[in-house]
There are 2 protein chains.
Amino acid sequence: MQLYFIIFVAMSIIRRTKSVNDITQFFEESKYAVSVVNLVERFKEKMNKTTVYRILDKLENDGVIHSFIGRDSLKWYAKCQGCQSGHHTDTHPHFQCNSCGRVECLPVKLQLPEIQNLSIEYAEVNLVGKCTECSN
Amino acid sequence: MQLYFIIFVAMSIIRRTKSVNDITQFFEESKYAVSVVNLVERFKEKMNKTTVYRILDKLENDGVIHSFIGRDSLKWYAKCQGCQSGHHTDTHPHFQCNSCGRVECLPVKLQLPEIQNLSIEYAEVNLVGKCTECSN
DNA sequence: ATTAATTTGCAACCAAGTTGCATTAGTTGT
DNA sequence: ACAACTAATGCAACTTGGTTGCAAATTAAT
Ligand SMILES: [Mn+2]
Ligand SMILES: [Mn+2]
Ligand SMILES: [Zn+2]
Ligand SMILES: [Zn+2]
């Protein structure tokens with residue numbers, strides 16, 4: 001409750017452009033990850049694709065959203081939980097349903113394999129399968 | 001030893017085209033994974049890029065090589081170990097050194113997270129970090 | 001009100017990957 | 001050995017995700 005208030009105030013004080021606000025708000029409300037093609041399509045009436053790409057870049061740098069590359073070679077974006085500018089602390093696997101195509105962030109702690117002589121900095125884990133709804 | 005002999009005989013009997021043989025042999029000898037741009041570049045004197053793409057498709061279907069999408073959005077290929085046409089049993093994580101850029105297959109058994117209500121069919125795990133040589 | 005700085009749109013471009021089709025090489029049957 | 005057929009290859013044109021340079025438009029600073 002208090003957190004939401006703080007976020008609200010911050011969003012008012014840190015004045016953002018209309019475009020940035022539109023995309024930010026979209027991610028606030030979206031439950032799933034969204035591919036970049038989908039985003040460009042979705043906002044094509046409101047803004048140019050170049051603008052979309054630029055804003056996505058910015059939001060990712062600011063720790064508002066994060067991205068990963070899907071098996072379709074597309075860039076997918078989803079909102080971050082508690083990340084800050086420069087450092088993404090919110091690393092987790094992603095799941096894509098190969099039936100309905102939806103992609104979601106999995107709030108699961110990853111345990112990386114320990115490999116001798118390799119220092120692993122980060123991991124990208126993409127799981128593919130069937131989601132709850134598509135299993136029934 | 002016997003296995004190698006069998007493979008040798010098989011390669012003689014199952015006649016492949018020159019192009020397929022060239023690419024197959026390249027993978028036999030290569031220790032690391034190779035990006036598709038690299039492959040097209042590497043074979044551009046010998047064959048057209050379309051041919052390279054077609055042969056890669058074929059070899060992947062035949063269970064000779066496997067592919068994954070890197071953080072660079074490129075398709076990377078590496079040789080399979082004991083896979084057969086149609087079914088890839090050789091699933092494992094991949095590691096990319098962000099210093100020298102080399103990508104290798106990790107012969108490690110993956111343990112996938114159990115997620116409620118999700119049936120996971122396969123996982124793509126890409127690890128990024130520093131390799132042995134680049135750590136020194 | 002002027003000027004300076006940021007943001008946006010647009011068009012042109014780039015690179016990975018695909019497609020259609022003509023040409024060539026390889027197989028098969030006689 | 002030759003014709004007839006099949007499969008592999010080359011080439012050009014196209015598609016698509018993504019980038020770049022620059023001019024026009026907004027917004028902020030003085
Ligand atoms: Mn996520
Ligand atoms: Mn591999
Ligand atoms: Zn589904
Ligand atoms: Zn290295």
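Below, chains carry the letters A, B, ... as their sequence lines are ordered, and counting in each starts from 1.
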Provide, to the nearest angstrom, the distance between the [atom1] atom belonging to [X] and the [atom2] atom belonging to [N].
X	N	atom1	atom2	value
B/Lys44	D/dC11	NZ	C1'	17 Å
B/Tyr53	D/dT9	OH	P	17 Å
A/Glu41	D/dT16	CD	P	12 Å
A/Ile69	C/dG17	CD1	P	12 Å
A/Asn38	D/dT16	CG	P	16 Å
B/Leu39	C/dA16	CG	P	12 Å
B/Leu74	C/dC14	CG	P	18 Å
A/Asp72	C/dG17	CG	C1'	14 Å

- prompt: Side-chain heavy atoms under 4.5 angstrom apart, residues restricted to Ile, Leu, Val, Met, Phe, Trp, Tyr: same cluster for B/Ile65 and B/Ile23?
  reply: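 Same hydrophobic cluster.
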- prompt: Shared ILVMFWY cluster between B/Ile120 and A/Leu106, side chains joined below 4.5 angstrom?
  reply: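 Yes; tracing contacts between hydrophobic side chains, which count when under 4.5 Å, links both residues.
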Using nucleotides 7-10 of chain C, report all nitrogen or oxygen pairs with the protein that are shorter than 3.5 Å.
{"unit_1": "C/dT8", "atom_1": "OP1", "unit_2": "A/Thr17", "atom_2": "OG1", "d": "3.0"}
{"unit_1": "C/dT8", "atom_1": "OP1", "unit_2": "A/Ser19", "atom_2": "OG", "d": "3.1"}
{"unit_1": "C/dG9", "atom_1": "OP2", "unit_2": "A/Asn48", "atom_2": "N", "d": "2.8"}
{"unit_1": "C/dG9", "atom_1": "OP2", "unit_2": "A/Thr51", "atom_2": "OG1", "d": "2.7"}
{"unit_1": "C/dG9", "atom_1": "N7", "unit_2": "A/Arg54", "atom_2": "NH2", "d": "3.0"}
{"unit_1": "C/dG9", "atom_1": "O6", "unit_2": "A/Arg54", "atom_2": "NH2", "d": "3.2"}

message: For A/Asn126 and A/Gln96: C-alpha separation, side-chain torsions, deciding distance, then whether side chain to side chain donor-acceptor pair (under 3.5 Å) applies.
response: CA-CA 7 Å; A/Asn126 294 323; A/Gln96 178 156 34; over 6 Å; no
- prompt: Ignoring hydrogens and geometry, is there a side-chain-to-backbone donor-acceptor pair from A/Thr51 to A/Met47 under 3.5 Å?
  reply: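 Such a contact is absent between A/Thr51 side chain and A/Met47 backbone.
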- request: Flag the pair A/Glu124 and B/Arg71 as a salt bridge only when some basic side-chain nitrogen lies within less than 4.0 angstrom of an acidic carboxylate oxygen.
  value: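 Yes, charged N to carboxylate O under 4.0 Å.
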The single option from A/Lys79, A/His92, A/Glu60 passing side-chain hydrogen bond (donor to acceptor under 3.5 Å, both in side chains) against A/His66: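 Output: one option passes, namely A/His92.
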message: Categorize A/Val36 for me: base, sugar-phosphate, or nothing, with a 4.0 angstrom heavy-atom threshold over every strand shown.
response: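 Sugar-phosphate contact only.
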